[in-house]
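These notes concern the structure reproduced below.
Just so you know, these numbers come straight off a predicted model, no measurement behind them. Atom set for the values below is all heavy atoms of this structure, side chains included, hydrogens, waters and symmetry mates excluded. Every chain is numbered from 1, with letters handed out A, B, ... down the list of sequences.
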Protein chains: 2
Amino acid sequence: MKSDKISEAVVRRLPVYLRYLNELHTREVPTVSSQELGQKLDLNPAQIRKDLAYFGDFGRKGIGYDVSYLIEKIRHILKLDQQINVALVGAGNLGHALSNYNMYLKETMKIVAVFDSNDSKVGSLINTLVVQPIDELGITVKARSIRIGIVTVPNVEAQRVADQLIEAGVEAILNFAPIILKAPPHIRVHTADFTTDLLSLAYYLEDGKEHETNE
Amino acid sequence: MKSDKISEAVVRRLPVYLRYLNELHTREVPTVSSQELGQKLDLNPAQIRKDLAYFGDFGRKGIGYDVSYLIEKIRHILKLDQQINVALVGAGNLGHALSNYNMYLKETMKIVAVFDSNDSKVGSLINTLVVQPIDELGITVKARSIRIGIVTVPNVEAQRVADQLIEAGVEAILNFAPIILKAPPHIRVHTADFTTDLLSLAYYLEDGKEHETNE
DNA sequence: TAGATTGTTAATCGATTAACAATC
DNA sequence: TAGATTGTTAATCGATTAACAATC
């Protein structure tokens, strides 16, 4: 099987595969089966095989998947075989934390500019990058071919910043503000909303056993 | 409709509803329809009605939902009508960023202790909290009835920290390390993995139009 | 009353899993 | 060859959406 439109669920699993494959590669494991992957990643082996088969025949019957080859393939599918420049807007603690993940992403996806609307932050250093004022966003995005914007500003500024990023020409946005951003359909927006993760966790806490569901 | 086992997808939407309802409440809007909610939150109105109906009859036909009443109900469902104490393990930039979200959560879910394995961080202040050494984790979790642990330590430490949290008695973990944590089934683990969000975003970038899916 | 909107059932859609022939 | 494991089809499962009677 190839082509068809690939579902979002499938695409979101690819980085998970890639991550573990990189680990196997470091450990110099040459080959891995869908069963092994599934066990390690808490996924059904059939699902893994199906996911990968959307993009090509990457495995060998009776053997499994060649780790290096599959890494190469997934990196290609995710377009991580080219450098992708990223802008970070919001130089607070969260922005700081994210900029440290550059290493992890092995330089193919790279934060190349940081912006903040707060004058007191402008000019300071985040890793090796000088924080720029937000009105330089448009020029910089174009000059540096920035394709993805990460939004780590307070809620009230998030939509405005997103609009500016889109106006400047980014193709995708990773939004950390816990609000629903409005964007035109050709712009891909992912929301990394840990308040949702945290609050929904509370639902699963044990309590005086029965809690009323209605009255 | 009530009871049945509620799916994870439903539970994860509740905080999203709650967030917008709080906004409406601040704006003193008395009432809201599923249609209006759906439009604002990019969800199907029928889905919203169905989600809420799992827990009780919260709406009024012809009118919609009373904002204050629905807030109260959702807070109850999510157990946010009681204080839930949280421990943060990892006092880096990400931990710092998260501790600032206390305000947002309106104090019902509260980080009451911060731990770090790095001696140079122990004793320093994060907001109003003194960073404690990790070997005080067990005692503190019990003493302060901490029920949720947030893990913001490097990958290599994450599983060990999670084990310590579980051993200490937390019921749920929010994991920020991009690895799959192993935990017993009665422990709820949510992974807030923004590397997955970010890398999967790359898939949706435009490029020289057709990119090969196989060769 | 007429208009609006819920709660709920039925229909649809999509994603996951099982099963197995093909084949390394 | 025998054992392992893929790629893929068919079966299952679950979640979303449409439709509408009930009713405010």
Side-chain angles (χ1 to χ4, degrees), chain A residues 1-14 16-17 20-21 24 29-70 73-74 77 196 200 203 213-215, chain B residues 1-14 16-17 20-21 24 29-70 73-74 77 196 200 203 213-215:
Chain A
M1 187 187 290
K2 22 218 82 145
S3 73
D4 284 316
K5 278 100 211 161
I6 307 298
S7 89
E8 197 176 322
V10 174
V11 173
R12 279 186 56 87
R13 281 190 292 269
L14 296 178
V16 178
Y17 301 151
Y20 184 60
L21 289 165
L24 290 175
V29 177
T31 257
V32 67
S33 69
S34 60
Q35 178 149 133
E36 211 180 319
L37 279 169
Q39 213 206 344
K40 206 68 181 179
L41 302 177
D42 255 335
L43 295 170
N44 183 299
Q47 184 171 63
I48 295 174
R49 293 200 298 279
K50 199 163 201 282
D51 284 355
L52 296 174
Y54 282 117
F55 302 98
D57 292 0
F58 300 150
R60 290 217 293 159
K61 295 188 170 83
I63 308 284
Y65 299 90
D66 180 275
V67 171
S68 299
Y69 182 70
L70 190 53
K73 283 304 178 186
I74 296 181
I77 294 162
T196 296
S200 63
Y203 177 81
T213 54
N214 66 320
E215 70 218 326
Chain B
M1 186 186 291
K2 24 218 78 146
S3 72
D4 284 316
K5 279 101 211 159
I6 307 298
S7 89
E8 197 176 322
V10 173
V11 174
R12 280 186 56 87
R13 281 191 292 268
L14 295 178
V16 178
Y17 300 151
Y20 184 61
L21 289 165
L24 291 175
V29 177
T31 259
V32 68
S33 68
S34 61
Q35 177 147 133
E36 211 179 319
L37 279 169
Q39 211 206 347
K40 206 67 181 181
L41 303 176
D42 256 333
L43 296 169
N44 183 298
Q47 183 171 63
I48 295 174
R49 294 200 296 280
K50 199 163 200 284
D51 283 354
L52 297 174
Y54 283 116
F55 301 98
D57 292 1
F58 300 150
R60 290 216 294 158
K61 293 189 171 85
I63 309 286
Y65 299 89
D66 180 276
V67 171
S68 300
Y69 181 71
L70 190 53
K73 283 303 177 186
I74 295 180
I77 294 162
T196 296
S200 63
Y203 177 81
T213 54
N214 66 322
E215 73 218 325

Separation of B/Glu36 CD from B/Tyr20 OH (nearest 0.5 Å): 5.5 Å
Once you round it to whole Å, what is the distance between C1' of C/dA4 and CG of B/Asp66? 17 Å
To check you understand the geometry: which heavy-atom pair defines the closest contact between B/Arg49 and B/Ser34, and what is its length? NH1-OG, 2.9 Å
Euclidean distance, A/Leu21 CG relative to A/Leu70 CG, rounded to 0.5 Å: 5.0 Å
If you assign each of A/Ala9 and A/Arg49 to its closest nucleotide in DNA chain C, which residue comes earlier from the 5' end? A/Ala9
Just how far, in rounded Å, is P of D/dT6 from CG of A/Leu70? 11 Å
Point-to-point distance, once rounded to the nearest 0.5 Å, from CZ of B/Arg60 to OG of B/Ser33: 14.5 Å
Detail all sub-3.5 Å separations between protein N/O atoms and N/O atoms belonging to nucleotides 21-24 of chain C.
unit_1: C/dC24; atom_1: O4'; unit_2: A/Lys61; atom_2: O; d: 3.1
unit_1: C/dC24; atom_1: O3'; unit_2: A/Arg60; atom_2: NH1; d: 2.9

All stems with DNA chain D, defined as three or more consecutive Watson-Crick or G-U pairs under 3.5 Å: C:3-24 with D:3-24
Of all residues at least two apart in sequence or in a different chain, which pass the side chain to side chain donor-acceptor pair (under 3.5 Å) check with B/Arg12? A/Asp197
Point-to-point distance, once rounded to the nearest 0.5 Å, from CZ of B/Arg13 to NZ of B/Lys50: 10.0 Å
Length of the line joining B/Ile48:CD1 and C/dT6:P, which is rounded to integer Å: 9 Å
Rounded to whole Å, CG of A/Leu52 lies from P of D/dG7 at a distance of 7 Å
Phosphate OP1/OP2 of C/dT5: any B/Ser34 side-chain N/O under 4.0 Å: no
Please report, rounded to the nearest Å, how far the P atom of C/dT5 is from the OH atom of B/Tyr65. 12 Å
In whole Å, I'd like the distance from the CD atom of B/Glu8 to the C1' atom of D/dT16. 17 Å
Among D/dT5, C/dG7, D/dT17, which is the nearest nucleotide to the side chain of B/Lys50? D/dT17
Closest approach of B/Val67 to B/Thr31 (non-hydrogen atoms, all atoms of both residues): CG2-N, 3.7 Å
State the CD1-CG distance between A/Ile6 and A/Asp51, to the nearest 0.5 angstrom. 9.0 Å
Considering only C/dA18, C/dT16, C/dG7, which nucleotide approaches the side chain of A/Arg13 most closely? C/dT16
Measure the distance from CG on B/Asp42 to P on D/dT16 and round it to the nearest whole Å. 14 Å
To the nearest angstrom, how far is A/Gln39 atom CD from D/dT5 atom P? 12 Å
Correct closest heavy-atom pair for A/Ile77 and A/Phe58 would be CD1-CE1, 4.0 Å
Can you tell which of C/dG7, D/dT17, C/dA19 lies closest to the side chain of B/Gln47? D/dT17
Minimum-distance nucleotide to B/Ser7 side chain [options: D/dA15, C/dA19, D/dC20]: D/dA15
